[in-house]
S.K.: 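Before I ask anything, here is the structure I am working with.
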Amino acid sequence: MTAALSQIHNVEAEQALLGAIFMDNASFGIAHSIVRPEHFYEPIHSRIFEMCGEMILEGRAATPVTLKTKLPADLDIAGMTPSQYMARLMAEATPAITLPDYARTVRDAWAARCVEEASRNVASEVAAPGANVKSAIASHLADLDRIRAEIDDRRVARQPLATCLSEVLLRVDAIREGRMEPGATTGLSDLDRMMGGLQPGRLVIVAGRPGMGKTIVGANIARATAAAGNGCLLFSLEMPSEEIGARILSDQAFRHGSPITSKAIFEGHLDARQMQDVEKSASDLAGLNLLIDTSAGLSVGEILARTRSAADEMKARGARLRVVVIDYLKFVRASDRYRGQRVYEVGEITAGLKALAKDLGVCVVLLAQLNRAVEQRADKRPELSDLRESGDIEADADVVLLLFREAYYLKDKADPDSMARLLACENALEIIIAKCRMGAVGVVETFCHPGASAVRDRGTGGYGR
Ligand SMILES: Nc1ncnc2c1ncn2[C@@H]1O[C@H](COP(=O)(O)OP(=O)(O)OP(=O)(O)O)[C@@H](O)[C@H]1O
């Protein structure tokens, strides 16, 4: 991105930043974590910053004296030789304590120039005859998002072990004193205990065969975590809002012995008592910080932009976005980079969502479909290797949950043994924790009523009721 015509710049901040680096070469690392050579408006400043980096990396001092031989002696910089110009920068330098501010000023001016250029480009693109306005907007949003990502301060990745450990202890204190939650709840206490809840920065995959209950589990997590006070954003990329809304309502209204199906709600087949229950559930849900986005075919960049805006919207209301549920992987649009090469496309999507989780400090719950391999085995319980399309899903995920309902394979069988078995297990849903970076692998047995879209701890339901 270049911005040759732009007048947005702050040459004084560029000079002050370089002067501060000359004064104290040790501060270069801080400057470098914020600003890059191409962020400078003046080409000579960009070159001086680059040379400082090269010298310091070689373990040599970067000063006007050591750098002057690297620039043509007859170069004219505002009427001065390179040597005179750099000496002036150093003489007028201010304390290193203000260096991060100068660095951010330089970088933000660069970002403003980029925004200006991108906006100019999109304006002329949409004005052209036959323009594809929708695609121009999408690519403009992606451009803006890339610029925004650049101006997020890159975290210092290298630190002494002692600093790292003191951060761990601060976290322990905060959790013990109730100032920090260890992870947002999934609504299922056994699952929370085993995987430590929905931790910020994590990518959690919920995978299963078609119709196994991925949407049921995803919508349950969204409702339950929001009910516990966590901000949640649910991307329903496949299902329209009336349908996902009906599922969340039937889940909220669920009572053992008198479930109301999401189908009955969707089709309006409710008696007076059910209508009362549904209205009460709707009013209970109304105050939750749960946003539902039903746009189709979103890219990772668009999901990122919408998640940021949802986080800002919640922040303005005094809430914090903690969980993002995406239903489901197949409907996330990949870039054109690997067009048609699904393995790479999936890798790009899962890596992008993992980065989103880390950057925004949220837990991303991504629903995904399992391939048919599981159907060929005698034991139909899924395994990690059944994850469709790519090993990258497994590699990028912090947690992989695989869904298994035995009833799924029994419902079409007519022999007495299968029918008896179906009766015994019709509400059993196994959540197999197949991978868990910071917790235990194993199986969590839950109660599931697919018609009412409800999942509960097994202890609060019991099978077959
Ligand atoms: N009224 C109902 N009574 C009984 N079962 C129902 C009812 N409504 C839905 N179901 C069952 O619930 C399951 C739907 O679950 P869900 O939509 O969560 O599956 P999924 O894994 O997300 O599927 P897909 O991959 O096809 O989107 C299906 O097996 C369906 O048969």
Side-chain angles (χ1 to χ4, degrees), residues 186-188 191 204-224 234-271 274 277-278 292 294 296-297 325-332 346 365-375 380-382 386-389 393 400-413 418-419 422-423 425-432 434 446-456 461 463-465:
T186 59
L188 299 167
L191 185 60
V204 176
I205 303 289
V206 177
R209 291 288 296 141
M212 192 58 85
K214 298 182 293 295
T215 302
I216 294 175
V217 170
N220 246 270
I221 288 177
R223 179 200 51 78
L234 168 62
F235 286 99
S236 178
L237 304 178
E238 180 187 28
M239 217 174 260
S241 63
E242 296 89 341
E243 221 171 299
I244 192 75
R247 282 181 178 230
I248 293 173
L249 255 182
S250 62
D251 173 22
Q252 173 76 15
F254 180 75
R255 305 277 175 276
H256 290 291
S258 56
I260 303 172
T261 65
S262 54
K263 184 170 180 287
I265 296 177
F266 188 67
E267 294 175 355
H269 296 318
L270 303 174
D271 61 28
Q274 289 175 326
D277 280 359
V278 167
I292 297 173
T294 53
V325 179
I326 302 171
D327 184 7
Y328 72 105
L329 173 63
K330 183 180 157 192
F331 293 100
V332 179
V346 168
V365 178
L366 174 65
L367 313 188
Q369 197 160 296
L370 289 177
N371 66 25
R372 281 178 205 282
V374 63
E375 311 291 354
K380 308 266 188 283
R381 279 175 182 76
D386 295 321
L387 273 174
R388 173 176 273 184
E389 290 151 335
I393 301 180
V400 175
L401 305 177
L402 304 174
L403 306 185
F404 176 71
R405 284 191 299 121
E406 192 182 346
Y408 179 90
Y409 294 102
L410 295 169
K411 60 183 186 308
D412 298 327
K413 295 197 172 158
S418 299
M419 286 167 75
L422 177 60
L423 217 59
C425 72
E426 68 175 333
N427 292 118
L429 166 68
E430 291 180 25
I431 302 182
I432 301 163
T446 67
F447 170 90
C448 174
H449 192 295
S453 208
V455 186
R456 301 288 184 269
Y463 294 160
R465 277 205 261 157

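Atoms within a ligand are numbered from 1 in the order they appear, just like the ligands themselves. Counting from 1, the numbers follow the sequence of the chain as shown.
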S.K.: Using a 4.0 Å cut-off on heavy atoms, what residues surround ligand 1? Order them by chain and number.
M.R.: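 Ligand 1 pocket, heavy atoms under 4.0 Å: R209, P210, G211, M212, G213, K214, T215, I216, E238, R247, T261, Q369, R405, P450, G451.
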S.K.: Do the side-chain N and O atoms of E238 and Y328 include a donor-acceptor pair separated by under 3.5 angstrom?
M.R.: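 Not at all, the side chains of E238 and Y328 share no donor-acceptor pair under 3.5 Å.
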S.K.: First locate atom CD1 of I265, then atom CD1 of I248, and finally report the distance between them rounded to the nearest 0.5 Å.
M.R.: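 Between I265 CD1 and I248 CD1, I get 11.0 Å after rounding to 0.5 Å.
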S.K.: Identify which one of L370, V374, D386 satisfies the side chain to side chain contact (heavy atoms under 4.5 Å, CB included) criterion when paired with L402.
M.R.: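 Among L370, V374, D386, the one that satisfies the side chain to side chain contact (heavy atoms under 4.5 Å, CB included) with L402 is L370.
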S.K.: Which atom pair, heavy atoms only, marks the closest approach of I244 to A219?
M.R.: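 The answer is CD1-CB, 4.2 Å.
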S.K.: Nearest 0.5 Å please: distance from the CZ atom of R381 over to the CD atom of E406.
M.R.: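 With rounding to 0.5 Å, CZ (R381) is 6.5 Å from CD (E406).
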S.K.: Which class fits the ring pair H256 and F447: parallel under 30°, tilted 30 to 60°, perpendicular over 60°?
M.R.: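 H256 vs F447 ring planes: perpendicular.
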